[in-house]
Amino acid sequence: MKKVGIIGVGEYLPKKVLTNADLEKMVDTSDEWITTRTGIKERHLAAKDEAASDLAIKAGQSALEDAKLKGEDLDLIIIATISPDMQTPATACIVQNALGAKKAICFDISAACAGFVYALTVAQQFIARGSCKNALVIGTEILSSITDWKDRNTCVLFGDGAGAAILSEVKSGGIIASYLGGNGSIYDILMVPAGGSKMPVSQETLDKRLHFLTMRGNELFKIAVKAMHDAACVVLERAGLKAEDVDLVIPHQANVRIIMAVAKKLGFTEDKIYLNIEKCGNMSSASTATALCEAVKEGKIKKGDIVLLDAFGAGLVWGACVIKW
Ligand code: COA
C-alpha cells in the first residue's frame, strides 16, 4: 500500500458577508445570543449566480496551483456536498469539465458535515491501491440555498464556501489513520424533508417550507459532542498516538461550545484547536476543508506536524483522520 498525503490545499469564500447585525433585521435574534450560543459572528453567502460547482472550481484551482499540478494531472475528483448544483449529474462532473481534468473519475459524496473527511478517506484508498495517482477532494456548500431564512433556530448557523485538497503518494507521513462511522437511526434529527424521491417538491411542500434544513439542535448538541469525542479516540488509537502527540485539531465548525466540550474531554488546550467558525459559520463539508486550508496558509501546520481532522454531521455520520504533515 502506498503512503498518501495532502500535497496542496485551496479555498474559496463568496464575497458577500452576512453579519449577526444583518440577521437581527431578518429574524427575532441578537448578536449577543448568536455569539454566546454558537461563536459565530458572520458568514459568507454565495451570489445569486454562484452554484456549489463555482465555489468548488475556484477552491480546486487554488489547490492545483498549490500542488503545482494541472487539471489534466488529476485521476479522481470527489466532491463532498449536500447542496449540489442539481440532483444529477454529480457536481464533480461539472468541476471536472471546468478544470480540464479529462481523465478524472468523478463522483459526489453525501456525508453532510463529515463529507470532507469521508471523501479524503475514499480518495486515499484509490491512491494507496495504485489505481489513481492524483486526487482532488473538495467540500463545497451553498447552505444558504437550503436554509429557511424565516427560522431563527437554524438560519443563524450556516454559511457558504468551499475548501479543497490534492492527495497524492508521499514518501513519508501522510494519512496515517482514519475512521468513519454512522448511525441512521437518528436520520431525522437534521434533514431536508422534501425535494427527494420520498417527498418530491409539490405546492404543499413549498407552502410548508419542507425543502429547507430542519434540525433538533438541542438534542443534536449532546450527540455531536459524543460522536466527535469517540471518533477522535478511535482514530488516535488506530494511529498509535495520544492526544498530547497532536499538534493541531481541525474540528467540524458547528458550534464553538461543541468544539470546546470535545477538546476538554480529550484534554486539548484551546491553542491546539483551529477555528474559522467566527467568520464562516457552519459550512457543512466545507468547514473542515477550509479550516485545514487556512491553517496551512497561516503557517499553523508545519512539516512533520500531526493533524487531527474530526467531524460529524447529518445522518448521523462521523469521521476522523490523523495526518502527519
Ligand atoms: N436567537 C434568539 N433566540 C433563539 C435563537 C436565535 N437565533 N434560536 C433559538 N432561540 C431560543 C429558543 O427558541 C429557546 O427559547 P425558549 O427557551 O424560550 O424556548 C432558547 O433560545 C434556547 O434554545 P436552545 O435550543 O436550548 O439553545 P441552545 O443553547 O441549545 O443553542 C443551538 C441552540 C442550535 C445553537 C445548539 O443547540 C446547537 O448548536 N446544536 C447543535 C447544532 C448542530 O451541531 N448542527 C449542525 C450539525 S452538523
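Please read these numbers as outputs of a predicted model, since none were measured by experiment. As the structure lists them, so they are numbered: ligands from 1, and atoms in each ligand from 1.
Note on ligand 1: I34 sits outside its first shell, no heavy atom being nearer than 4.0 Å.
For atom 33 (C) of ligand 1, the closest heavy atom belonging to the protein is W33 CH2, 3.9 Å. Protein heavy atom nearest atom 34 (C) of ligand 1, with residue, atom name and distance: M215 CE, 3.9 Å. Considering only non-hydrogen protein atoms, atom 13 (O) of ligand 1 sits nearest to R152 NH2, 3.0 Å. Here the heavy atom of the protein found nearest to atom 41 (C) of ligand 1 is G217 O, 3.4 Å. With hydrogens left out, the protein atom closest to atom 22 (C) of ligand 1 is R37 NH1, 3.5 Å, a heavy atom. Looking only at heavy atoms of the protein, atom 6 (C) of ligand 1 is closest to T29 OG1, 3.3 Å. In terms of protein heavy-atom proximity, atom 30 (O) of ligand 1 is closest to N218 ND2, 3.0 Å.
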Report the C-alpha separation of E42 and T19 in whole Å, then their side-chain angles, then the decisive distance to 0.1 Å, and conclude whether the side chain to side chain donor-acceptor pair (under 3.5 Å) test is met. CA-CA 4 Å; E42 55 188 39; T19 64; over 6 Å; no
Any chance you could lay out the side chain to side chain donor-acceptor pair (under 3.5 Å) test for R216 and N153, step after step, and finish with the verdict? CA-CA 9 Å; R216 301 200 300 274; N153 291 297; over 6 Å; no
Could you go through D31 and K41, starting from their C-alpha distance and side-chain angles, then the distance that decides it, and tell me whether this counts as salt bridge (Lys or Arg N to Asp or Glu O under 4.0 Å)? CA-CA 7 Å; D31 172 45; K41 280 285 189 191; 3.2 Å; yes
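Annotation: side chain of I258 is in contact with side chain of M228 (closest heavy-atom distance under 4.5 Å). Between I77 and I79 there is a side-chain heavy-atom pair separated by less than 4.5 Å. Inter-residue side-chain proximity for D66 and I166 is flagged as unmet; no heavy-atom pair is nearer than 4.5 Å.
Listed for the R152 side chain is no donor-acceptor partner under 3.5 Å among the backbone atoms of V27.
Distance screen at 4.0 Å: atom 19 (O) of ligand 1 has no protein heavy-atom neighbour inside the cut-off. Proximity of atom 16 (P) of ligand 1 to the protein is not indicated, since no non-hydrogen protein atom lies closer than 4.0 angstrom. Remark: atom 1 (N) of ligand 1 lies closer than 4.0 Å to at least one protein heavy atom.
Numbered from 1 in the order shown, with element, the atoms of ligand 1 that lie under 4.0 Å from a heavy atom of L220 read 43 (C), 45 (N), 47 (C). Set against the non-hydrogen atoms of R257, the atoms of ligand 1 under 4.0 Å away are 28 (P), 29 (O), 31 (O). Residue-ligand proximity, I258 to ligand 1, at heavy-atom distances under 4.0 Å covers atoms 41 (C), 44 (O). Taking every non-hydrogen atom of A254 and a distance limit under 4.0 Å, the qualifying atoms of ligand 1 come out as 44 (O). Atoms of ligand 1 found under 4.0 Å from any heavy atom of N282, numbered from 1 in the order shown, are 46 (C), 48 (S). Near H252, meaning under 4.0 Å from any of its heavy atoms, are these atoms of ligand 1: 48 (S). Ligand-side atoms of ligand 1 in range of C113: 48 (S), range being under 4.0 angstrom from any heavy atom.
The aromatic rings of H252 and F312 lie perpendicular to each other, with more than 60° between the two planes, well past the 30° mark.
Between K133 and D75, no side-chain nitrogen of the basic residue sits less than 4.0 Å from a carboxylate oxygen of the acidic one, so the salt-bridge criterion is not met. By the 4.0 Å N-to-carboxylate-O rule, K264 lies too far from E270 to be salt-bridged with it. Using a 4.0 Å cut-off between charged side-chain N and carboxylate O, K300 and D305 make no salt bridge.
For atom 36 (C) of ligand 1, the nearest non-hydrogen atom from the set L157, N255, N153 belongs to N255. Nearest to atom 35 (C) of ligand 1 by heavy-atom distance, out of L190, V156, T38, is T38.
When the shell of 6.0 Å around CD of E237 is examined, it contains 12 or fewer heavy atoms from other residues, nucleotides or ligands.
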